[in-house]
There are 2 protein chains.
Amino acid sequence: MALDTKTLILDAAEKLFATRGFYGVSMRQITIEAGVDPALANYHFGKKRNLFDAVMLRRAEVLNRERIQMLDDCLRRAKPNPPPLEEIIDAFTHALLNRSNKGGAGWKHYFAIIAQINNHPELGGVIMTQYFDPLAKKFMKAITRALPDAQPEDLYWCYHFLSGALTLTFSGTNRINNLSDGLCNASDLDAVHERLVPFITAGFSIFKSSVSQR
Amino acid sequence: MALDTKTLILDAAEKLFATRGFYGVSMRQITIEAGVDPALANYHFGKKRNLFDAVMLRRAEVLNRERIQMLDDCLRRAKPNPPPLEEIIDAFTHALLNRSNKGGAGWKHYFAIIAQINNHPELGGVIMTQYFDPLAKKFMKAITRALPDAQPEDLYWCYHFLSGALTLTFSGTNRINNLSDGLCNASDLDAVHERLVPFITAGFSIFKSSVSQR
DNA sequence: AACTAATTTCAATATATGTTTAATCTTTTA
DNA sequence: TAAAAGATTAAACATATATTGAAATTAGTT
């Protein structure tokens, strides 16, 4: 069936892109992993880059819907005041960590791709911007409302730090496991989330007033 | 001359690996960029992966020396007490941001590679561990001494967030520029450093006592 | 100057690459 | 059931790939 092979190819591409990056995988390897004729990847998706975009888009749509939903809920609850900063940060990260945790292997692979793309000089600016900037702008608007005396420039840098900390978590390297002699487990995303949100909130908070209290 | 072509190849490899990743670059492209016969890359460095290791090693040695130096200075100044947390974080980041800022194009490329590797599921655990874990352990020892009542597990996670925030800064994507409508400039590493150190210090600090004050 | 060792060149290896073509099979539609 | 549209196959395209081999050149040493 048509839809079945499309998903087979998407899943295979997702898995291989996740472990070896865009350039590290060939169309042939993808179709072999999918158990499908080599020509079918081109037939269904066109060029390799288009296939990659399809992989990105499939789950980005789901994520963006969920994250905007959580932000809107959070804004509504606090009305007419701005919501507490920590709730905004949580709305930003919750769907990501939840999907990565309980969404199965496909989601894990997807987030590993995101981690690589976010740190890729050629693709990062283009692809992350394309799929996630509208959402990021919505969150930044909420954050600037929650910290009205902070300088926007400072807050954008904080967002940048958040983005980096978050995506490294998704990368799937287990460097932290070795480094901590097994104290930490990179796959335990609940443990991450529990610490990431207050960590980031504290970082943002030092810019609460425009004179930073270093 | 032998040493000259070796450096030509290393520089070219560094530049291309930085912009397209390990798998996105061919040995031929590297030698063409270096203006050198294609066989010379193999002659001087062996397999592609070995060339990559040589690129990594060249500057890692310099960095590790500088960063350990800064940490030791910092520890000596504070003796017999542990140094303030912020000074340790600064010792961890200073050489990196300084080299990236004033070291020329080669260093910029090098750090862009680091950013990709750190977030690469296959290579991240291996390569980062190989070149930077001894240093990371030294820093973690100093940090746990500076925050003696914190739980080590929490502090390792904080290190992880620091690592992510830092490497994204080096990635060379200018996503933050667009996102902030030009308010931030990702190339202005002084602006980053000024904010990164207190941001991270504040994050670590919430784990000062073992009961976190969320 | 003569000999050795290191370096560079050019050509060739065999294989992998993304993509396309034309023919065949399957499903949907009328 | 017949025609049309869609999906799959196998083969081929030209090009790019990492790596190697054997000559030719250069540099270093006695």
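For clarity, every value in this text was computed on a predicted model and none was experimentally measured. Heavy atoms only: backbone and side chains are in, while hydrogens, waters and symmetry mates are out.
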Report yes if a side-chain nitrogen or oxygen of [X] is closer than 4.0 Å to either non-bridging phosphate oxygen (OP1 or OP2) of [N]; otherwise report no.
{"X": "B:T5", "N": "C:dT7", "answer": "no"}
{"X": "B:S26", "N": "D:dT17", "answer": "yes"}
{"X": "B:H44", "N": "C:dT8", "answer": "yes"}

What's the closest nucleotide to the side chain of [X] if the choices are [options]?
{"X": "B:D37", "options": "C:dT21, C:dC10, D:dA18", "value": "C:dC10"}
{"X": "A:K47", "options": "C:dT20, C:dT9, D:dT20", "value": "C:dT20"}
{"X": "B:A39", "options": "D:dT9, D:dT17, C:dC10", "value": "C:dC10"}
{"X": "B:Y43", "options": "C:dT8, D:dT9, D:dT19", "value": "C:dT8"}
{"X": "A:K48", "options": "C:dG18, C:dT7, D:dT17", "value": "C:dG18"}
{"X": "B:R28", "options": "D:dT17, C:dT20, D:dT8", "value": "D:dT17"}
{"X": "B:M27", "options": "D:dA18, D:dT17, C:dT19", "value": "D:dA18"}

- Are B:D72 and B:R76 close enough for a salt bridge, meaning some N to O gap below 4.0 Å? no
- Salt bridge B:D133-B:K137, side-chain N to carboxylate O under 4.0 Å: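 Salt bridge flag = no for B:K137 with B:D133.
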Nearest-Å distance, [atom1] ([X]) to [atom2] ([N])?
{"X": "B:L51", "N": "D:dT19", "atom1": "CG", "atom2": "C1'", "answer": "13 Å"}
{"X": "B:F45", "N": "D:dT20", "atom1": "CZ", "atom2": "C1'", "answer": "18 Å"}
{"X": "A:D4", "N": "C:dT27", "atom1": "CG", "atom2": "P", "answer": "12 Å"}
{"X": "B:I32", "N": "C:dC10", "atom1": "CD1", "atom2": "P", "answer": "14 Å"}
{"X": "A:K6", "N": "D:dA7", "atom1": "NZ", "atom2": "P", "answer": "7 Å"}
{"X": "B:N42", "N": "C:dT7", "atom1": "CG", "atom2": "C1'", "answer": "14 Å"}
{"X": "A:N50", "N": "C:dT20", "atom1": "CG", "atom2": "C1'", "answer": "15 Å"}
{"X": "A:L40", "N": "C:dT21", "atom1": "CG", "atom2": "C1'", "answer": "14 Å"}

- Query: With distance as the sole test, does B:S171 use its side chain to make a donor-acceptor pair with the main-chain N or O of B:T167 at under 3.5 Å?
  - Reply: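 Side chain of B:S171 to backbone of B:T167: no pair is present.
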- Task: Would you indicate what A:A41 reaches in the nucleic acid, counting non-hydrogen atoms under 4.0 angstrom: base, sugar-phosphate, or nothing?
- Result: nothing
- Indicate the atoms forming the closest heavy-atom contact of A:L179 with B:A136, along with that distance.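 Nearest heavy atoms, A:L179 then B:A136: CD1-CB, 3.7 Å.
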- Query: Can you tell me if A:N101 and A:D190 form a side-chain donor-acceptor pair at under 3.5 Å?
  - Reply: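 Their side chains do contain a donor-acceptor pair, which is all the 3.5 Å distance test asks for.
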